[in-house]
Amino acid sequence: MNLEIGMTLHGFRVESAENLEEIDGRAYTLRHTASGARLLFLENDDENKAFSIAFKTPPADSTGVFHILEHSVLCGSDKFPVKEPFVNLIKSSMQTFLNAMTFSDKTMYPVASTNEQDLLNLMDVYMDAVLHPAIYEKRAIFEQEGWHYEIDGPDEPLRYNGVVYNEMKGALSDPDSVLYNALSAALFPDTAYAHESGGDPAVIPELTYEQFLDEHARHYRLDNSYIVLYGDMNIDRMLAFLDERYLSEEQKPAGAPNPLELQAPVVNLDIVKQMETAPENAAMGLGYVIGRASDRLRVIATDILADVLMGSNEAPLKKALLKAGIADDVDGYLIDAQLQPALFVMTKGSKPDTADAFCETVEQTARMLVDEGFDPERIEASLARAEFLLRERDFGTADGVVLAMSAMAGWLYDDSMATDYLRFEDAFAELRRRAPEGYFENLLREIVLENDHRALAILEPVESLDENCEEARLAAVRETMDEADIESVMDEVAALRRLQEDPDSPEALATLPLLTLDDIAEAPVQPAWERIDSTPLPCLYHEVPTRGIDYVFAYFDMGRLSFEDLPYATLLAMLLGKLDTRGHSAEELDKLTQTYLGSLRFFVDVYASEQDADAISPKFVIATSSLSENIAHAVDLPLEIRSSTNFDNPEKIRDILTQTRIRMEQGYATAGNSSALLRCSSYVSKSALIREQLSGVDFYRFLKSLLADFDARFPALVERLRSTAQRIFAVDGTIVSFTGAPEDRSRFWELAGTLELDRSDEPNALVVPEPRVLNEAFIVPADVCFAAKGYNARLEGISYEGSWQVASKALSYDYLWNEVRVKGGAYGAGFRALRSGAMQFHSYRDPNLDETIARFDGAAAWLASFDPDESEMRGYIISSVAGMDAPVKPRDMARRQDGDFFCERPAGYREKTREQLLETTPGKLRRHGEELARVIGHDVRCAFGNRGIIEGSSSDYEVIDLLG
């Protein structure tokens, strides 16, 4: 229906209406007269519809109250009195996105679905959750999601547990996060941004249940809310639903929300934050407040400026800082989505006593650029790249969810700015007009050289923080407890366990809105693809609409490399595009790539045939995206880089390798579950063993060894890189994947020919060793643990079928959610069964190891006795089908179909898998439980994490201090 300014519909008054070409649609702002709720409707043809409700929630301390509330309100409500409606929705809906997020000044609850009735169901549960949560009747929710004491007996130590508490222990094991918080507090000492909105584990236990309830009552109110609706939907139906079900009800009076206030300018240049971490994690950060969120042009310009200054090793400020030798890596980025945006310049691996040099180098480089002017080609390159990414709209998740978050970056601070952060076309045109007039030079001068609102923070590693450590705090509490207190803690934990283990009643479950199998639409038609051999090189062509963008993936066979050569292929991928070539300097290549290509990436991948377990095909991939008018550059630039890169630059190569080492080490500490899963797979799978050589722990050890003796090994490294490139880049085995308009494909092959590749006389040399079960536990600088356990089901003669997707859903969101997350306190846990045969469990930011592995071991028996009722079973099937049918962006569709080709998946396999999924029965899942027991019985496991947790394990691990 047509919405017009001034009209009132279901209690909503339309306040504005405008065309918004950035979303290919129109935007409307509305206000609900009775409740004061704000609503933004982004109308377009996207079938992946979305809803979000957000609340302004600036924290007054670092107890993480709003983070704990974000978790807690999704643990049951008046209308839906089940323990975990959030999990029930994941298990039973057609959602394409379902989550909640705590930001520094707001909390958001977004959902998305391709089914309108499903979206209404999701809205119903979320609205009741945020407005009428069960937290007022169930203190146990606060204890489970926030924090509580635990003790095993009168003579045992006291400990904390709680999902958010453990999540933040993991999050704040990351030096980057700790430095970010310190710098933010230095810039905004008198405002909400001085606090850790997620919660500081040292402060979380100060939060009381009464304070928790008070913050909800004061902030989760409709006149403090922001609702976004997005996509192709019946807006009349949606507004009627919101008005009748939630917005017209009487609002309970409560105290005022915390104010969100501006910080007066401050200069803080002496902030030192100590952290118990390795010496190599020393870091520094400079922060500059750039103005207010209301100045949208200035915010976009600062984002461009950050890329111009720090977007690559060739960008002028990053290049100067690396050359100065003050740190192993540096980065710069815009901090927006807050009342006063800021520009941050951050180092990693800072050298001792370099703070003065850090500040001087930043200021001297800024002064030089202001005086001499920016290279106009670099300004245009950054503008072109940013504009391409915004137009491509490949956000990695549902568009409506990302756009809702983007809208809040302005709307939260000014009701007139609901769409300001969605528009960008005019801003880019204005910046291009102003750039030749010195706009960016003036901006840099104002932000860095003339700014009276700035700060410097230093992260100082120390061996221990005894005066503030968790053990000391708990010991102090334990000293105050008598026998009755200890008994009380044990009784409270036992009561909490009983609540966690008691199943929801049938009456409570019946309140949840559920779809039927009839609500499942027909399977989406898979875009056609074909192999074309009439082109100069074999071509996989994908007929996918791309909005005028071409995607090219060139796959080169790595079978001519030996197993020991594989790490050098990864090094090659890391270095190409970042060094000089015969025709251009690395800086010139950087500018050309950003100007004419949406992306240019070099990476390695591994494909295993589903028809022949011994047929494993590692590939070196060159991936480009470009507007169709720039297709010539998608041919010429990769060709030049691939064929004429000069590797004789030890300083640049050392910088790149060091930056990779740092990223890997931080990844082990913050997201070690992915590394644990890969390492665990490598114990039983040759394809995973290859991945280990290319990107896992084996590659990390190779990289670390290379850096330790870099100067002596450099001449041999150069020769090895050249030899590796020569064996990879040959006609033999090369296949090119193209996605774009047919005329673009023709033009590409006219320009590309055979990519100037020759035939190779090198024989296949790749011989993969037999995998060995090692059961390792890697100590990394983290306060939590990441555990993995699994096996390859093919080795047990267990074949993959669609019903395993339903089993994975049930195990992940029923058994493991309750056992590992709810009861164990881990932030996350899951099970996956892949077509490759891999069947694996994992945990994420977990305070336990042995207990979690024991819970993994119990999964098979749980599944073997699984007896869901009809509605529960239907929900698992519907949600699993939704996962298969979820919309896929063009780039991802091309990659998926390329994978189908290289893995030799049979035609129609997706349709067959979907059919098997729809035919899944409880009996089938119980039989899978028997199969899973055989997988678990091999006892193949791996862990990354905290030294104390790992060394305290009673299991038989090979314990390795990975970074030491």
Side-chain angles (χ1 to χ4, degrees), residues 300 303-316 318-319 374-394 424-425 427-429 431-433 435-436 440 544 546-554 573 575-603 621-646 729 736-753 755-756 889-891 894:
I300 290 180
D303 198 21
I304 299 301
L305 181 66
D307 185 67
V308 170
L309 292 171
M310 302 282 291
S312 74
N313 285 5
E314 299 304 317
K318 185 168 187 175
K319 191 173 187 176
F374 282 108
D375 177 356
E377 291 181 351
R378 181 162 286 282
I379 294 287
E380 175 54 33
S382 292
L383 283 166
R385 176 69 183 283
E387 193 171 20
F388 178 94
L389 295 175
L390 287 168
R391 288 179 175 171
E392 185 182 33
R393 298 217 304 263
D394 191 351
F424 58 83
E425 297 282 3
F428 277 93
L431 290 174
R432 284 191 168 95
R433 185 184 69 78
F440 285 96
V544 181
T546 62
R547 297 165 56 91
I549 296 173
D550 295 324
Y551 299 97
V552 181
F553 296 92
L575 298 172
L576 290 180
K578 299 175 184 175
L579 302 172
D580 297 347
T581 64
R582 194 175 300 119
H584 294 94
S585 68
E587 183 176 357
E588 291 168 337
L589 283 175
D590 191 42
K591 291 184 291 188
L592 287 169
T593 298
Q594 290 203 58
T595 302
Y596 295 111
L597 301 180
S599 63
L600 173 60
R601 295 191 303 134
F602 303 84
F603 60 94
V621 188
I622 302 179
T624 61
S625 62
S626 69
L627 298 175
S628 60
E629 58 263 33
N630 291 329
I631 191 64
H633 297 284
V635 174
D636 295 341
L637 284 171
L639 175 57
E640 177 184 337
I641 292 167
R642 191 202 78 217
S643 61
S644 66
T645 289
N646 177 11
F729 299 130
V736 176
S737 164
F738 188 91
T739 308
E743 56 271 24
D744 291 351
R745 183 191 73 195
S746 299
R747 177 67 176 149
F748 171 82
W749 285 114
E750 288 174 8
L751 295 165
L755 300 178
E756 298 184 10
K889 293 289 186 178
R891 185 201 308 266

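No side-chain heavy atom of D307 sits less than 4.5 Å from a side-chain heavy atom of I304. Using a 4.5 Å cut-off on side-chain heavy atoms (C-beta onward), R393 and R547 make contact. Within the 4.5 Å cutoff, side-chain heavy atoms of W749 are placed close to those of V736. Looking only at side-chain heavy atoms (C-beta outward), S599 and F388 stay at 4.5 Å or farther from each other. Looking only at side-chain heavy atoms (C-beta outward), T624 and L637 stay at 4.5 Å or farther from each other.
Heavy-atom minimum distance, L597 versus S626: CD2-CB, 3.8 Å. Here the closest non-hydrogen pair linking L589 and L579 is CD1-O, 3.5 Å. In this structure, L389 and G598 approach most closely via the heavy-atom pair CD2-O, 4.3 Å.
More than 12 heavy atoms of other shown residues, nucleotides or ligands fall within 6.0 angstrom of atom CD in E750. In the displayed structure, R582 atom CZ is contacted under 6.0 Å by at most 12 heavy atoms of other residues, nucleotides or ligands.
Rounding to the nearest 0.5 angstrom, the gap separating the CG atom in N646 from the OG atom in S585 is 11.5 Å. Here R378 contributes atom CZ and L309 contributes atom CG; the two are 9.5 Å apart, rounded to the nearest 0.5 Å. Here S644 contributes atom OG and H584 contributes atom NE2; the two are 9.5 Å apart, rounded to the nearest 0.5 Å. The structure places CG of L431 at 10.0 Å from CD of E387, a figure rounded to the nearest 0.5 Å. Between E314 atom CD and T593 atom OG1 the span is 11.0 Å, to the nearest 0.5 Å. N630 contributes atom CG, which lies 9.5 Å from atom OG1 of T595 (distance to the nearest 0.5 angstrom).
No side-chain donor-acceptor contact under 3.5 Å links T645 and T581.
Panel note: side chain D580, backbone A586; a donor-acceptor pair is recorded below 3.5 Å. Under a 3.5 Å cut-off, the side chain of K578 and the backbone N or O of S312 do not form any donor-acceptor pair.
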From CA spacing to verdict: side-chain contact (heavy atoms from CB on, under 4.5 Å), I549, T739: CA-CA 8 Å; I549 296 173; T739 308; over 6 Å; no

Pair E377-E588, side-chain contact (heavy atoms from CB on, under 4.5 Å): steps then yes or no: CA-CA 9 Å; E377 291 181 351; E588 291 168 337; over 6 Å; no

Can F428 and L390 be said to form a side-chain contact (heavy atoms from CB on, under 4.5 Å), step by step? CA-CA 11 Å; F428 277 93; L390 287 168; 3.6 Å; yes

Run I641 and F602 through side-chain contact (heavy atoms from CB on, under 4.5 Å) and show every step you take. CA-CA 10 Å; I641 292 167; F602 303 84; 3.7 Å; yes

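Between R891 and E392 there is a salt bridge, with a side-chain nitrogen of the basic residue lying less than 4.0 Å from a carboxylate oxygen of the acidic one. Ion pairing of E380 with R432 is present here, as a side-chain N (NZ or NE/NH1/NH2) and a carboxylate O approach within less than 4.0 Å. Residues D375 and K591 are paired through a salt bridge, judged by an N-O separation under 4.0 Å between the basic side chain and the carboxylate. Electrostatic pairing of D550 and R745 does not count as a salt bridge here, judged by no charged N lying under 4.0 Å from a carboxylate O.
Considering only residues two or more places apart in sequence or on other chains, F440 meets the ring-ring contact (aromatic ring centres under 6.0 Å, His included) condition with none of them. Partners of E425 by salt bridge (charged side-chain N to carboxylate O under 4.0 Å, His left out), not counting sequence neighbours, listed by chain and number: R391. By the ring-ring contact (aromatic ring centres under 6.0 Å, His included) test, Y551 pairs with no residue at all, sequence neighbours left out. Every side-chain contact (heavy atoms from CB on, under 4.5 Å) that V635 has, sequence neighbours left out, goes to F748, L751, A752. Judged as a side-chain contact (heavy atoms from CB on, under 4.5 Å), and not counting sequence neighbours, the contacts of A306 are L343.
Residue pairs meeting the salt bridge (charged side-chain N to carboxylate O under 4.0 Å, His left out) criterion with at least one partner in residues 622-645, sequence neighbours excluded, are absent.
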